Amino acid sequence: MTKNKRKYFTTTLPYVNARPHIAHAREFVQADVFSRFYQEMGFDTFLNTGTDEHGLKIFRKAQEEGLDAREYGKIQAQHFIDLAEQLNMKYDAFIRTADEKHVKAAQEFWKRCDENGCIYKKAYKIKYCVGCELEKTDSELVDGHCPDHPNQEIEIIDEENYFFKFSAFQEKLLDFYKKNPDFVKPEKRFREIISFVENSLEDFSISRVKNKMPWGVEVPNDPEQVMYVWFDALVNYISTINWPQDEENFKKWWPVVQFCGKDNLRQQTAMWQAMLMAASLPTSEMVFVNGFVTVDGQKMSKSIGNVIDPMEMIEKFGTDATRYLLVSIGSFGEDSDTSWEKLIEKYNADLANGIGNLVSRIVTLYQKTDKKLFNEEEISSRMAGSSKGEIVKLLEEGKLENILVSIKIRIAYLDGKIEERKPWELIKTDIELFEEEMAELVKVLFEIALMIKPFMPKTSEKIQKSLINKEKINLFPRFLEK
RNA sequence: CGCGGGGUGGAGCAGUGGUAGCUCGUCUGGCUCAUAACCAGAAGGUUGCAGGUUCGAAUCCUGCCCCCGCAACCA
């Protein structure tokens with residue numbers, strides 16, 4: 001298994017019914033930072049992202065805008081492609097579920113599940129409140145009406161759908177979880193899904209009648225039905241690496257390390273894994289589950305007007321600073337709050353006053369000697385082997401923000417060191433000692449530059465260059481506005 | 001008894017059994033190489049409440065109180 005050091009990462013595909021928001025951006029960067037870290041460690045990596053474009057919501061949204069669903073999806077997908085580019089996300093594939101290769105893969109996947117006896121057809125009869133757009137159980141109804149919409153009649157939806165035998169996978173899933181104690185991070189989410197699966201699983205509907213909901217992947221051998229959006233969307237993780245046509249490529253990369261939000265816990269860590277089992281394919285490698293991001297303590301909402309547009313962040317702070325800030329929001333797995341004010345504060349503290357100012361003061365001092373006081377190749381090769389154990393441990397727990405903390409500690413160490421040794425005085429009294437001290441400063445700063453590379457690749461390069469050429473740079477100008 | 005998350009110095013958060021830490025802010029002092037930046041020191045907490053387990057609890061158990069999501073622009 002370790003013969004080829006390889007890692008395959010994927011974000012969850014954003015559903016294209018809205019513009020990208022800050023949490024999408026965070027997940028993109030998170031996956032990208034992981035991928036870059038493993039590249040640094042000599043792994044072959046594959047990074048997938050894309051867009052989920054089928055389903056009723058998209059169909060209606062497209063209608064509202066007077067567009068064909070396919071056309072609408074294409075326009076929306078472009079926003080996410082632009083975001084990925086602007087974030088300097090080095091993705092290897094951007095899969096759209098409307099892509100022909102994905103549609104074919106989803107159909108083949110369906111067939112395999114069907115052949116293995118995991119799909120069956122049955123009448124699907126539910127009580128439905130149009131006001132809520134939700135199924136209602138008898139226990140939820142008051143006098144036969146929805147308590148939230150007492151004036152609307154409950155509709156009975158009665159159609160034949162295909163179902164996935166989720167219930168048949170309870171034991172297998174639990175067994176799988178038991179054998180893979182690190183499958184879901186953080187642990188509390190793992191406990192949550194285990195208890196969900198232990199509580200009994202219900203088969204779920206995986207298709208819709210086509211004439212009611214035409215925008216989806218056609219069910220094989222039944223042109224009257226299309227797949228429920230979840231069923232086809234999840235298959236993207238394998239269709240993107242060319243399953244089933246290119247078995248070799250699939251074997252090269254699979255299984256995948258996934259990132260998702262806590263609202264996706266069931267789909268990614270239980271349903272999808274059961275689906276893979278049903279198709280006789282190996283399960284995912286692991287799943288990192290993020291908490292939610294709120295803005296000023298509230299859910300992001302257009303009506304409240306507190307949406308933070310990641311593109312606006314990039315405009316304001318630049319690509320690398322935005323990447324840094326996104327990773328710094330909260331701590332992994334927890335819900336966290338942010339705001340423009342907090343972002344600016346963090347930017348000033350860590351980037352302008354921290355690394356930016358440090359580079360500035362060291363380079364100015366360094367310019368006062370003609371000697372070259374460090375060997376970049378020596379440092380690079382030494383860094384390649386050192387302290388990786390600690391980083392791998394943090395990566396495996398998903399705690400990118402803790403890696404940033406260890407970088408901040410080094411920055412503070414250098415600021416303190418400069419204060420203590422006062423090189424600006426030494427230069428007047430003892431040039432040799434000055435050079436000795438400077439050598440240490442420059443070396444550690446170069447190490448810091450290498451450490452931040454996965455987070456801020458361009459900044460890393462700029463600092464390295466600045467040290468090699470002794471050129472002053474202003475990395476992160478301080479924000480004075482509120 | 002719907003499900004889930006959370007309550008730790010002024011603010012935001014770490015910390016899952018062993019002297020309560022970090023960032024921001026505040027105050028005092030220092031420094032001038034630097035992006036009005038940087039450094040040192042200080043003030044500030046009975047860790048929501050009440051019990052319990054333990055030599056020892058923010059951390060485990062029980063009960064209670066309060067806040068926030070689950071109704072979307074979904075990660």
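Proteins come first, then strands; the chains are lettered A, B, ... in the order of their sequence lines, and each starts at number 1. Small disclaimer: the values here were computed from a predicted structure and weren't measured.
- Distance noted for atom C1' between B:C49 and B:U19: 26 Å (whole Å).
- Ring centroids of A:Y38 and A:F9 are separated by less than 6.0 Å, placing the two rings close together.
- Contact annotation for A:G291: base contact, defined as any heavy-atom pair under 4.0 Å involving a base atom.
- Each of A:R70, A:R96, A:H102 was evaluated against A:E53; a single residue qualifies, A:R96, per the side chain to side chain donor-acceptor pair (under 3.5 Å) test.
- Between the CD1 atom of A:I344 and the C1' atom of B:G12 there is a distance of 16 Å, rounded to whole Å.
- Comparing B:C67 with B:C31, their C1' atoms sit 46 Å apart, to the nearest whole Å.
- A:Y15 comes within 4.0 angstrom of sugar-phosphate atoms only, judged by non-hydrogen atoms across all strands, and of no base.
- For the P atoms, the distance linking B:U47 with B:G9 amounts to 9 Å, nearest Å.
- Comparing A:P477 and A:R189, the nucleotide of RNA chain B nearest to each residue sits closer to the 5' end for A:R189.
- Between the side chains of A:Q464 and A:S460, at least one donor N or O sits under 3.5 Å from an acceptor N or O.
- Per the geometry, CG belonging to A:L441 stands 15 Å off P belonging to B:A34, to the nearest Å.
- We find that NZ of A:K262 is positioned 10 Å from P of B:C70, with the value rounded to whole Å.
- Sequence order on RNA chain B of the closest nucleotides to A:S331 and A:L13 puts A:S331 first from the 5' end.
- As judged by a 4.0 angstrom heavy-atom cut-off over every strand, A:S360 is placed among the base-contacting residues.
- A straight line from CD1 of A:I355 to P of B:U35 spans 15 Å, rounded to a whole angstrom.
- Candidate nucleotides B:A14, B:A34, B:C39 were compared by shortest atom distance to the side chain of A:D415, and B:C39 ranks first.
- Atom CD1 in A:I409 sits about 15 Å away from atom P in B:G21, given to the nearest Å.
- The same atom, P, is picked in B:C24 and in B:C38; the two are 8 Å apart, to the nearest Å.
- Residue contacts for A:K472: at a heavy-atom cut-off of 4.0 Å it reaches the sugar-phosphate backbone alone, with no base atom in range.
- A:T319 and A:K458 form no side-chain donor-acceptor contact under 3.5 Å, judged by distance and modelled atom types alone.
- Checked against the 6.0 Å centroid criterion, the rings of A:F455 and A:Y324 do not qualify as a close aromatic pair.
- A ring-centre distance under 6.0 Å is not found for A:W230 and A:F204.
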Quick one: the dot-bracket string of RNA chain B, using Watson-Crick and G-U wobble pairs with both distances under 3.5 Å, [ ] for crossing pairs and | for bases paired to another strand. .(((((((.[[[[.)..(..]]]].(((((.......))))).....[[[[[..)....]]]]])))))).....
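- Between A:Y366 and A:F434, the ring centre distance reaches or exceeds 6.0 Å.
- Spacing between B:G5 and B:G48 at atom C1', rounded to whole Å, works out to 16 Å.
- In this structure, the CD atom of A:E334 is 14 Å from the C1' atom of B:C68, given to the nearest Å.
- B:C60 and B:G6 have their P atoms separated by 11 Å, with the value rounded to a whole Å.
- Remark: the separation of the C1' atoms in B:G52 and B:G29 is 49 Å, to the nearest Å.
- The distance between atom CG of A:N402 and atom P of B:G21, rounded to the nearest whole Å, is 18 Å.
- A salt bridge links A:K188 with A:E334: at least one charged nitrogen is closer than 4.0 Å to a carboxylate oxygen.
- Residue A:L475 is classed as a base contact, given a heavy-atom separation below 4.0 Å to a base.
- Residue A:N357 is classed as a base contact, given a heavy-atom separation below 4.0 Å to a base.
- Computed from coordinates, the A:L414 CG to B:A34 P distance equals 17 Å when rounded to whole Å.
- Between the side chains of A:N48 and A:N236, at least one donor N or O lies within less than 3.5 Å of an accepting N or O.
- Between A:N348 and B:U35 there is no side-chain polar atom (N or O) within less than 4.0 angstrom of OP1 or OP2.
- In this structure, A:K399 reaches the sugar-phosphate backbone alone: every heavy-atom distance under 4.0 Å involves primed, P, OP1 or OP2 atoms, never a base.
- Taking the six-membered ring wherever Trp is involved, the centroid distance between the rings of A:F59 and A:Y72 does not fall below 6.0 Å.
- Taking every side-chain heavy atom of A:D335 into account, B:G5 is the closest of B:A37, B:G12, B:G5.
- Taking only side-chain atoms of A:R361, from C-beta outward, the nucleotide of B:C33, B:U35, B:G6 with the closest atom is B:C33.
- Comparing B:C22 with B:G44, their C1' atoms sit 15 Å apart, to the nearest whole Å.
- The ring of A:F28 has its center no closer than 6.0 angstrom to the ring center of A:Y91.
- A cation-pi geometry, defined here as NZ or CZ lying under 6.0 Å from the six-membered ring centre and within 45° of its normal, does not hold between A:K368 and A:W424.
- A:F476 comes within 4.0 angstrom of a nucleotide base, judged by non-hydrogen atoms across all strands.
- Using a 4.0 Å heavy-atom distance criterion, A:N290 is classed as making no nucleic acid contact.
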Name the pairs: protein N/O against N/O of nucleotides 25-32 of chain B, kept only if under 3.5 Å.
{"residue": "B:G30", "atom": "N2", "partner": "A:E419", "partner atom": "OE2", "Å": "3.0"}

